[in-house]
Amino acid sequence: MKSEPTEYSIDHLERDGVSSWFGVRNYQARNYMRDSMKVGDRVLFYHSNCKIPGIAGFAEVASLPHDDITQFIFSDKHFDPRSTPEKPTWQCVDVRFIGKLASVISLSELRSTPRLASMKILQKGNRLSITPVTDDEYEIIQSLI
DNA sequence: GCCAACGTTGGC
DNA sequence: GCCAACGTTGGC
């Protein structure tokens, strides 16, 4: 799961313990949270759009999917005028902090690991803020720490 | 339903 | 700041 550290970093999640992953406004990314995630699933916390983009820590899915309440809040930058509590558009899950890496596993390091070549987040043109990670990829990343 | 125009993402 | 790549919008 990607986040810009100036918006919400692994340090923020460590502080909060658990946080709702609100603000996703892409249908495919929403669908991963709504349809594919299970409580307890491991999450790689990725810092994007920053000096050293890469994996900054670990988290886990901590809730079933639920409405992203920011879609209903007029003053919120994630407000969606098409959404109503009766007909919501956006759902998200909560994530729980597991651990922070002493140093980020950088994007360039991920790219230079041949066995990770098929990782979704490394594919050309990928902009999705949430992408699935296979068990294999997860294990390989553990070995990079 | 098509598709041009526009907006966003995010690495560099 | 640039720009490739992609998603969304809206006229037709």
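Here is the naming used below: chain letters follow the sequence lines, and residue numbers restart at 1 for every chain. Predicted model only: the values in this text are computed from it and were never measured.
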- Query: Starting at CG of A:L128 and ending at C1' of C:dA4, how long is that distance when rounded to a whole Å?
  - Reply: 16 Å
- Within the side chain of A:D67, is there an N or O that forms a donor-acceptor pair under 3.5 Å with the backbone of A:I69? no
- Message: Whether the side chain of A:K2 engages the backbone of A:L128 through a donor-acceptor N/O pair (distance < 3.5 Å, no angle test) should be reported.
- Response: yes
- Task: Please report how far the helix from B:dG1-C:dC12 to B:dC12-C:dG1 bends, comparing the axis fitted to its first five pairs with the axis fitted to its last five, to the nearest 10 degrees.
- Result: 10°
- Only counting residues at least two apart or in another chain, list the ones meeting salt bridge (charged side-chain N to carboxylate O under 4.0 Å, His left out) with A:E139. none
- Item | Spacing of A:R127 atom CZ relative to C:dA5 atom C1', expressed in whole Å | 6 Å
- Item | Partners passing side-chain contact (heavy atoms from CB on, under 4.5 Å) against A:E4 (at least two apart in sequence or in another chain) | A:T6, A:E7, A:S48, A:N49
- For A:R96, what residues pass the salt bridge (charged side-chain N to carboxylate O under 4.0 Å, His left out) criterion, not counting sequence neighbours? A:E60
- Message: Quick check against the 3.5 Å criterion: does A:S63 have a side-chain atom that pairs as donor or acceptor with the backbone of A:D94?
- Response: yes
- Got a sec, which residues hit side chain to side chain donor-acceptor pair (under 3.5 Å) with A:D16, two or more places apart in sequence or on another chain? A:Y8
- Does a salt bridge link A:D68 with A:R30, judged by any charged N lying under 4.0 Å from a carboxylate O? no
- DNA chain B-proximal residues of residues 2-10 of chain A, any heavy atom under 4.0 Å: A:K2
- Task: Please name all residues satisfying side chain to side chain donor-acceptor pair (under 3.5 Å) with A:K120, sequence neighbours left out, ordered by chain then number.
- Result: none
- Item | Those residues that, when tested against A:W21, pass side chain to side chain donor-acceptor pair (under 3.5 Å) (two or more places apart) | none
- Message: So that I can tick it off, tell me whether A:R25 and A:D80 are bridged by a salt bridge, with the cut-off set at under 4.0 angstrom between side-chain N and carboxylate O.
- Response: no
- Message: Would the distance check show the side chain of A:N126 and the main-chain N or O of A:Q123 forming a donor-acceptor pair, the cut-off being under 3.5 Å?
- Response: no
- For DNA chain C, find the residues of residues 43-58 of chain A with a heavy-atom distance under 4.0 Å and give them by number; none if there aren't any. none
Give me, pair by pair, the N or O atoms of the protein and of nucleotides 9-11 of chain C that are less than 3.5 Å apart, along with how far apart they are.
none

- What do you reckon, are the aromatic ring centroids of A:W90 and A:F72 less than 6.0 Å apart? no
- Message: Is the shortest side-chain heavy-atom distance between A:P5 and A:H47 below 4.5 Å?
- Response: yes
- Task: Supply the members, apart from A:L144, of the Ile/Leu/Val/Met/Phe/Trp/Tyr cluster built from side-chain contacts under 4.5 Å; use none for a lone residue.
- Result: A:L44, A:Y46, A:I55, A:F58, A:I98, A:L101, A:I105, A:L107, A:L110, A:L116, A:M119, A:I121, A:L122, A:V133, A:Y138, A:I140, A:I141, A:I145
- Message: With the threshold set at under 4.0 Å for non-hydrogen atoms, list the residues of residues 107-125 of chain A touching DNA chain C in residue-number order.
- Response: A:K124, A:G125
